[in-house]
*Asks:* 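First the structure, then my questions, so here it is.
Below, chain A is the first sequence line, B the second, and so on; all start at residue 1. Small disclaimer: the values here were computed from a predicted structure and weren't measured.
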Amino acid sequence: MSLIRGTAMADSFVDPEFESDDPSALMPMTEGRETGGNLAIGLITIRQEAIPRAIEQLDDIVRGTEGAAHQVLDACAALEALGDEIGGEVAERISQAVTPIYEACCFQDLAGQRITSVTKTLGLIEGKLSELTSEFGILAGDYQGLASMGGGGIGSFGDVLLAGPQHPEAATDQASIDRLFGQVE
Amino acid sequence: MAVDLDMPVLVVDDFPTMVRIISKLLRQLGFSNIDSAADGSQAFQLMGQRDYGLVISDWNMEPVTGLDLVKAVRSDEKLSDTPFIMVTAESKPENVIVAKLAGVNSYIVKPFNADTLKMKLSGVLGKF
């Protein structure tokens, strides 16, 4: 189905007014058909297979890191419970010792937000590919795309301010935020 | 006046890991009465049922964001005075400005540590 439609798209490159006695003059058109067909197959493969697979893998990463973070936190809680059984200074020292582990587990939230952002971008790309293929009449299937899986694409929160975690080198630090926060009336 | 460590505190975040982390740090600081919500809508509903002395909220949540939540809280006659701390990965200056103008009392950028949380809590609630 896709191949036939891809060829049909390439047919639109044929100029009906074109006339020539030289058969080789048609060669570019034939190449155009092949190129168009290959492009169509490529776009459809990316849209229907590669992007969903990538999103699935990213979702697996989010679930995997969340599970791992909870395991780490469970282990910390178990250590603290043990410390409480022992009591006294040991309990306090254990509590202090596990605090950096809790703090470090923020990574799961930040990684999750970054991955969600990438997933939404992939959903946007899928949507554009869908528009492109529809424009060319390549595909008229009922594949609804990943917009629904990805939460409707970037900006679906209705809040254009949300950009997620910044790159560490570009991120504003807490001290700068404090200064700015204090300046806003 | 001393901070009432028994007052109900509401932690709002769509990542259960973050709820656990913030709750743990709060308990370590002495707070014992901690509830949680997964988004602004759920949080606002809980706030209608219980008198929270502090809300610590993420910004980026669906369907109702932390910014929507603080706006709703500040617009509500009964809730408008509730201390509100935003804890978020959004660190661009425009975010900080918008949050401050919306009525948040303090702004913590993720990742953060226990000392930062304590410092911000002291700034909002007083020394403890």
*Asks:* Within a 6.0 Å radius of atom CG on Asp51(B), are there more than 12 heavy atoms belonging to other residues, nucleotides or ligands?
*Replies:* no

*Asks:* Chain B heavy atoms under 4.5 Å from Leu110(A): which part of the residue, side chain, backbone, both or neither?
*Replies:*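 The answer is the side chain of Leu110(A).
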
*Asks:* If you define the side chain from C-beta out and look only at heavy atoms, does anything of Gln113(A) sit under 4.5 Å from Asp14(B)?
*Replies:* no

*Asks:* Check whether Val55(B) and Met119(B) end up in the same hydrophobic cluster, where Ile, Leu, Val, Met, Phe, Trp and Tyr are linked by side-chain heavy atoms less than 4.5 Å apart.
*Replies:*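 Val55(B) and Met119(B): separate clusters.
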
*Asks:* Which atoms of Val98(A) are under 4.5 Å from chain B, going by heavy atoms: the side chain, the backbone, both sets, or neither?
*Replies:* side chain

*Asks:* Following the transitive rule for hydrophobic clusters with a side-chain heavy-atom cut-off under 4.5 Å over Ile, Leu, Val, Met, Phe, Trp and Tyr, establish whether Val72(A) and Phe107(A) coincide in one cluster.
*Replies:* no

*Asks:* Determine whether Val64(B) and Leu79(B) fall in the same hydrophobic cluster, where Ile, Leu, Val, Met, Phe, Trp and Tyr are linked whenever their side-chain heavy atoms lie under 4.5 Å apart.
*Replies:*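 Different hydrophobic clusters.
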
*Asks:* Just distance, no hydrogens or angles: give the donor-acceptor pairs under 3.5 Å from side chains in residues 98-105 of chain B, sequence neighbours left out.
*Replies:*
unit_1: Lys100(B); atom_1: NZ; unit_2: Phe181(A); atom_2: O; d: 2.6
unit_1: Lys100(B); atom_1: NZ; unit_2: Val184(A); atom_2: O; d: 2.8
unit_1: Asn105(B); atom_1: OD1; unit_2: Arg74(B); atom_2: NH2; d: 2.9
unit_1: Asn105(B); atom_1: OD1; unit_2: Phe84(B); atom_2: N; d: 2.7

*Asks:* Is Glu103(A) reaching over with its side chain to a backbone N or O of Ile21(B), donor-acceptor style, under 3.5 angstrom?
*Replies:*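 Not a single qualifying donor-acceptor pair exists.
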
*Asks:* Count I, L, V, M, F, W, Y as connected when their side-chain heavy atoms are under 4.5 Å apart, and connections chain through other members. Are Leu29(B) and Tyr102(A) then in the same cluster?
*Replies:*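 In one cluster with Leu29(B): Tyr102(A), yes.
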
*Asks:* Taking side chain as everything from C-beta outward and backbone as N, CA, C, O, which of these in Ile22(B) sits under 4.5 Å from a heavy atom of chain A? Side chain, backbone, both or neither.
*Replies:* neither

*Asks:* For chain A, which of Pro111(B), Pro93(B), Ser91(B), Pro16(B) has the most heavy-atom pairs under 4.5 Å?
*Replies:*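 Of the candidates given, the most pairs with chain A belong to Ser91(B).
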
*Asks:* Is there side-chain contact between Asp109(A) and Asp13(B), with heavy atoms separated by less than 4.5 Å?
*Replies:*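 Yes, their side chains come closer than 4.5 Å.
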
*Asks:* Side chain, backbone, both or neither: which part of Thr116(B) has a heavy atom under 4.5 Å from chain A?
*Replies:* side chain

*Asks:* Do the non-hydrogen side-chain atoms of Lys24(B) and Thr99(A) ever get within less than 4.5 Å of each other?
*Replies:* yes

*Asks:* Please say whether more than 12 non-hydrogen atoms of neighbouring residues, nucleotides or ligands are located less than 6.0 Å from CD in Gln49(B).
*Replies:*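 Yes, CD of Gln49(B) has more than 12 neighbouring heavy atoms, counting only those of other groups under 6.0 Å.
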
*Asks:* Flag the pair His70(A) / Thr17(B) as yes when at least one side-chain heavy-atom distance between them is below 4.5 Å, and no otherwise.
*Replies:* yes

*Asks:* Which one of Leu73(A), Asp178(A), Asp173(A) has the most heavy-atom pairs closer than 4.5 Å to chain B?
*Replies:* Leu73(A)

*Asks:* Name the region of Glu80(A), side chain, backbone, both or neither, that has any atom closer than 4.5 Å to a heavy atom of chain B.
*Replies:*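 It is the side chain, since no backbone atom gets that close.
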
*Asks:* Nearest 0.5 Å, what's the OG1-CZ distance between Thr116(A) and Phe15(B)?
*Replies:* 5.0 Å

*Asks:* Could you grab the distance from atom CZ of Phe112(B) to atom CD of Gln174(A), nearest 0.5 Å is fine?
*Replies:* 10.0 Å

